[in-house]
Amino acid sequence: MKRLDRAAEAIARSILHCEQMRVISHNDADGITSAGLICHALLRAGIPFQATLVNRLDSSVIEGLTGPVVFCDMGSGKPELISLVPGECFVLDHHRPVGSLDCMHHNPHLFGIDGAFELSASGTVYSVVRHMGDNADLAGLALVGAMGDRQAMIGANRSILEEAVASGAVQVRPGLKLPGDGPVEEVLTRSIEPLLDFTGDREKVGEFLDALRISGNAESLEGDELTRLATALTLKLIMQGSFAADSILGEVIRLRHEVVENSLHMVQLLNACGNRDLPGIGLTLCLRDRGSLMEAERLGDEYREHILREISLLREQSRQMKNLRYLKRMNMEAGAIVSGLGIRYLYTDLPLVTLNHKDDMIKISARGNKPLIARGLDLSVALREAANAVGGNGGGHTIASGASIPPGREDEFLALLDRILDEQLNRGADASGRPVGDDA
């Protein structure tokens, strides 16, 4: 952490010497909070800026761009594109670096910190902006970004959390980790995280709560009621075969300075804004503009309905190969979220891949889990190799990656990906697929 902090301080000094700044960031929750953090810091430092939030970094983003520019939550895997930008560049990212960058490059992987689990892009950006002025009140945004990328509060994230508590940016208390406040029946009916067998069915939720003799607001439950509900929800997830059962009860992070107090709800709103191609609304939320909240809530409701419909399609239409499970669709609204929810709550035994034919391109999202990582899964490598082989590109993290390939190459891509995953997951297994040395 000390080496990362020293590097962050040097980058902060360089940014503060700039007379203006272009900000380019990803359009998911981690990318939007990253943009929010750097834009707050630039605004407070009196440095004019223009921010652009994009789905991916490609030549169309780079065309006509001149420095100084800061790339957030992207760039570490695209040195060939970053090198085309004339002028000063800063890359603040947490994806596994590919090649080398000839600019100021800040990434946890460069300091022995796992960017997939221990520090998100927003946390990386926060390590810089905390040296750009009195910005400790922004620490809550860094935590929202980490939660958006499903990171735990461990390692470098834990350090940010402790700093956020000390500065009063957040409050932490034990409770149910649900992305909503208000009557518990309504919160559970609307919740897609956790994804339960009664999600969306108010009558079944009511029966479930009546049997437990529980009512009131979700954020106010405590004591015996909290324990009973947490136990019942955990048992439900275990029966679904989910590895997420241990995430029901734990540290609940409440944001003290942001326009939304429930941190998990903030994550969902930002993801919805990005998905509906209105990430600017998410950025205004991060800049603490309450005037955008009603529209963000509307987008969140719309997005949730799309997710629930596509989860139903996953249940009905997904197919299995030897080493992966996949869903092929056209014009999906929430491919990345569906693959993430699917691997957490429905199909935990194999990597889950969605292939979405949209805008004359096949957009791919792949998700794994920690047991698969322990067996050797590295989706970043697997998607990059398989996509490159069919004329596309891909990359990301060991546990979560994306790719884009030309239409018509899906079956070839899946066959290559299955072969690569076989090498990763079954390395060291005997002919039956049983790990060598396993005497169970």
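Nothing here was measured: the structure is a model prediction, and the numbers come from that model.
Aromatic rings of F71 and H26 (six-membered ring for Trp) have centroids beyond the 6.0 Å cut-off, not under it.
Using a distance-only test at 3.5 Å, with no hydrogens or angles considered, a donor-acceptor pair links the side chain of T354 to the main chain of G335. A donor-acceptor pair under 3.5 Å links the side-chain atoms of T231 to the main chain of T227, judged by distance alone. Using a distance-only test at 3.5 Å, with no hydrogens or angles considered, a donor-acceptor pair links the side chain of N369 to the main chain of T348. When atom types are taken as modelled, the side chain of H40 and the backbone of C286 share a donor-acceptor pair closer than 3.5 angstrom. No donor-acceptor distance shorter than 3.5 angstrom exists from the side chain of S318 to the backbone of R315, with no hydrogens or angles considered. Checking side-chain atoms of N271 against main-chain N and O of A29 turns up a donor-acceptor pair under 3.5 Å. The closest donor-acceptor contact from the side chain of T199 to the backbone of S191 lies under 3.5 Å.
The structure places CG of L414 at 12.5 Å from CZ of R409, a figure rounded to the nearest 0.5 Å. Taking CZ of R190 as the reference point, atom CG of D301 lies at 4.5 Å (rounded to 0.5 Å).
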Inset, instruction - Would you sort out whether T52 and R22 count as a side-chain contact (heavy atoms from CB on, under 4.5 Å), showing the intermediate values? - result: CA-CA 8 Å; T52 305; R22 281 295 309 274; 2.9 Å; yes
Legend entry - Chi angles and distances behind the salt bridge (charged side-chain N to carboxylate O under 4.0 Å, His left out) call for E193, R344: CA-CA 10 Å; E193 186 78 29; R344 280 170 64 80; 3.0 Å; yes
Inset, instruction - Kindly determine whether E163 and R130 satisfy salt bridge (charged side-chain N to carboxylate O under 4.0 Å, His left out), including the steps that lead there. - result: CA-CA 11 Å; E163 185 170 313; R130 65 194 293 276; 2.9 Å; yes
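Between H397 and H95, the ring-plane angle classifies as parallel under the 30° and 60° cut-offs.
Side-chain contact of S122 with D30: a donor-acceptor pair under 3.5 Å is present, judged by distance alone.
When each of N262, V172, V260 is tested with R254 by the rule side chain to side chain contact (heavy atoms under 4.5 Å, CB included), just one qualifies, namely N262.
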